[in-house]
Amino acid sequence: TAKSFGVAVRAPPHAYAGLAAVTMSVDRIGPADGAGSRNISLSFVTPDPKADHDSNANATVLLLKGESTLDVRVLVDKSIVEFFVQRGRVAYVACDKFYSAANSSVHVFNSGPSVVSVSNVSAFPMGCGWTHTKPSPADFLPQN
């Protein structure tokens, strides 16, 4: 019955509602069918005006019997944001030409009435295909 939770990307560090470059939300989790699978309705929303953003989209992903979690992988590379749900059963790509390091956070949110738990969050730096050196963790982690 959980709904109204998801991931907001490329927003200011302390806010996301209406400010993220793209937000993926779970709108509905359907009942289990005879095979034990569930349909999960997703929406991908970019803020208005959309002159510089991709369009909104809706998708349905099938959560198969035995899958107890919704797996969402988000790749953020300056102007590009890619979502892969259930290992690519649903994919969405957005481009925002107004990249700013001040608006580059990722938010996991829950605006629904049900408790939703996050089992794992990982963040990794991306290397550059044009250099021969790889980024070090010190370059990625905040300095104290």
Side-chain angles (χ1 to χ4, degrees), residues 1-32 36-131 133-144:
T1 60
K3 64 179 183 176
S4 301
F5 65 92
V7 179
V9 179
R10 304 265 334 263
H14 303 292
Y16 69 87
L19 301 173
V22 61
T23 302
M24 184 214 83
S25 352
V26 173
D27 298 324
R28 182 176 180 278
I29 299 176
S37 300
R38 296 175 182 268
N39 282 319
I40 300 177
S41 299
L42 306 171
S43 61
F44 297 89
V45 178
T46 59
D48 289 321
K50 295 192 176 41
D52 299 304
H53 296 280
D54 296 339
S55 297
N56 296 341
N58 296 310
T60 301
V61 65
L62 187 63
L63 191 67
L64 301 173
K65 180 179 179 177
E67 291 180 326
S68 59
T69 61
L70 185 65
D71 179 59
V72 180
R73 180 171 286 208
V74 183
L75 304 176
V76 182
D77 185 14
K78 291 205 178 185
S79 63
I80 303 294
V81 178
E82 299 170 288
F83 287 86
F84 298 96
V85 182
Q86 293 309 103
R87 294 161 193 84
R89 287 184 218 153
V90 168
Y92 179 81
V93 177
C95 180
D96 179 9
K97 73 178 185 178
F98 298 109
Y99 168 76
S100 165
N103 293 346
S104 59
S105 64
V106 176
H107 301 262
V108 176
F109 66 89
N110 179 15
S111 330
S114 301
V115 174
V116 175
S117 63
V118 177
S119 61
N120 182 27
V121 174
S122 301
F124 302 95
M126 294 179 64
C128 176
W130 301 106
T131 65
T133 59
K134 295 180 182 178
S136 68
D139 294 338
F140 178 67
L141 299 174
Q143 302 298 312
N144 292 333

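Since we're looking at a predicted model, the values are computed, not measured.
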* **Rounded distance [0.5 Å steps], OG in Ser43 versus CG in Asn58** => 6.0 Å
* **Any residue meeting salt bridge (Lys or Arg N to Asp or Glu O under 4.0 Å) with Arg89, in chain and number order, not counting sequence neighbours** => Glu67
* **Backbone of Val81 reached by a side-chain donor or acceptor of Asp77 within 3.5 Å** => no
* To do: Using side chain to side chain contact (heavy atoms under 4.5 Å, CB included) as the criterion, list what pairs up with Ile80, not counting sequence neighbours.
  => Glu82, Val93, Cys95
* Pairwise side-chain contact, Gln86 with Leu63, heavy-atom cut-off 4.5 Å (strictly under) -> yes
* Are any of the side-chain heavy atoms of Arg10 and Val76 separated by less than 4.5 Å? -> yes
* Asked: Do the side chains of Val61 and Leu70 get nearer than 4.5 Å, heavy atoms only?
  -> yes
* To do: Report yes if some heavy atom in the side chain of Val74 is under 4.5 Å from a heavy atom in the side chain of Phe84; otherwise report no.
  => no
* Asked: Does the side chain of Ile40 come within less than 4.5 Å of Val26's, by heavy atoms?
  -> yes
* Asked: For Phe109, which residues count as a ring pair (Phe, Tyr, Trp, His ring centres under 6.0 Å) partner, sequence neighbours excluded?
  -> Tyr16
* Asked: Got Val22 and Val45 here, is their nearest side-chain heavy-atom distance under 4.5 Å?
  -> no
* Structure fact -> Residue set satisfying ring pair (Phe, Tyr, Trp, His ring centres under 6.0 Å) with Phe83, at least two apart, ordered chain then number -> Phe44
* So do the side chains of Val85 and Asp71 get within less than 4.5 Å of each other, counting heavy atoms only? -> no
* Quick one: list whatever passes side chain to side chain contact (heavy atoms under 4.5 Å, CB included) with Ser41, sequence neighbours left out. => Asp27, Arg28, Thr60
* Structure fact -> Note: Lys65 and Ser37 closest approach over all heavy atoms is N-OG, 3.6 Å
* Residue list, side chain to side chain contact (heavy atoms under 4.5 Å, CB included) with Val108, at least two apart or on another chain -> Val118
